[in-house]
Amino acid sequence: EPAIREKAVEKIKAVSEGQNEAYFTNAYLNMIKRLALWDNYPSRVSACYLFSLCYKYIPENEKVEIRQLYSELAHDDTPMVRRAAAANIKNMVNAVEEQYVKSEIIPIFSALIRDDIDSVKINALENSTYLIPFYTKQEIVDNLIPLIKNVDPERRSWRVRYALGEILTNFCNSVGKL
């Protein structure tokens, strides 16, 4: 049940507040690895919501594994898992170092925004504004806006068009006059 899963994720986050690095490198990290690798999709959905919380507390070699697991879940066969990964782009962008945002998170975003499922696209679109600080104005115009503008090239989904309209104002404000 999604409501129960969401409440469990909230409680895990609450318990994790104020914990030391040992907690994250031992108990928490093992828990989210198990969740990410389970064969039932609700566990993988939960893992998407928990990755960013431990990221700053774990050693570098574990950070690589967390980014890899996030990437795998963003390309999962189950749309609900991809939707959760898309919904958590903002959390990963805020947690991951800048060089990894550009080299790993943005390609994940590019894949999610081209997904066949509208809800995945919409979640990716809604989180696209968190990528703006990692681009120069010219890069936004040359790279990010064309990618977003072509998210639904045949204009089939009114929900995608609506989400696109909602976020384009943020991009226009960021770019200003060139």
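Note that the structure is predicted; figures quoted are calculated from it, not measured.
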Side-chain donor-acceptor pair under 3.5 Å between Asp142 and Gln138, yes or no?
-> yes
Listed by chain and number, what are the ring-ring contact (aromatic ring centres under 6.0 Å, His included) partners of Tyr135, not counting sequence neighbours?
-> none
Report yes if some heavy atom in the side chain of Tyr70 is under 4.5 Å from a heavy atom in the side chain of Ile105; otherwise report no.
-> yes
How far does NZ of Lys11 sit from OG of Ser16, to the nearest 0.5 angstrom?
-> 12.5 Å
Just wondering, do Ile89 and Leu112 contact through their side chains at under 4.5 Å, heavy atoms?
-> yes
Pairwise distance CD1(Ile113) to CD1(Ile122) - rounded to 0.5 angstrom | 11.0 Å
Under 4.5 Å between any side-chain heavy atoms of Phe51 and Leu69, yes or no?
-> yes
Tell me which donor-acceptor pairs under 3.5 Å the side chains of residues 55-62 have, and how far apart each pair is, sequence neighbours excluded?
{"residue": "Tyr55", "atom": "OH", "partner": "Arg67", "partner atom": "NH1", "Å": "2.6"}
{"residue": "Tyr55", "atom": "OH", "partner": "Glu97", "partner atom": "OE1", "Å": "2.8"}
{"residue": "Glu62", "atom": "OE1", "partner": "Lys33", "partner atom": "NZ", "Å": "2.7"}

Taking every heavy atom of Ala86 against every heavy atom of Ala124, the minimum-distance pair comes out as CB-N, 3.7 Å
Any side-chain heavy atom of Ser110 within less than 4.5 Å of one from Arg114?
-> yes
In terms of hydrophobic clusters joined by side-chain contacts under 4.5 Å, are Val93 and Val64 together?
-> no
In this structure, CG of Leu168 is separated from OG1 of Thr129 (nearest 0.5 Å) by 11.0 Å
Return the minimal non-hydrogen interatomic distance between Tyr49 and Lys13, and the atom names on each side.
-> O-CE, 3.4 Å
Is the closest side-chain heavy-atom distance between Phe134 and Leu144 below 4.5 Å?
-> no
Any side-chain heavy-atom pair of Tyr28 and Ile12 under 4.5 Å = yes
Hits for side-chain contact (heavy atoms from CB on, under 4.5 Å) against Asn40, two or more places apart or cross-chain, chain-then-number order -> Trp38, Pro42, Ser43
State yes or no: do Tyr162 and Ile145 share one hydrophobic cluster built from I, L, V, M, F, W and Y residues joined by side-chain heavy-atom distances below 4.5 Å, directly or via other members?
-> no
Rounded distance (nearest 0.5 Å) linking atom CG of Leu35 with atom OG of Ser46 = 6.0 Å
Just wondering, do Met31 and Leu50 contact through their side chains at under 4.5 Å, heavy atoms?
-> yes
Of all heavy-atom pairs between Asp76 and Thr78, which one has the smallest distance, and what is that distance?
-> OD1-N, 2.8 Å
Could you tell me which non-hydrogen atom of Asp115 sits nearest to which non-hydrogen atom of Lys121, and how far apart they are?
-> O-CE, 2.5 Å
In terms of heavy-atom contacts, Ile167 and Ser128 come closest through CD1-OG, 3.6 Å
In this structure, are over 12 heavy atoms from other groups packed under 6.0 Å from Asp77 atom CG?
-> no
Here the pair of heavy atoms bringing Arg83 nearest to Val120 is N-CG2, 3.7 Å
Do Val96 and Glu104 have side chains that get closer than 4.5 Å, going by heavy atoms?
-> no
Can you tell me how far the CD atom of Gln19 sits from the CG atom of Leu53, to the nearest 0.5 Å?
-> 10.0 Å
From Glu139 CD over to Lys102 NZ, what is the distance, rounded to the nearest 0.5 angstrom?
-> 4.5 Å
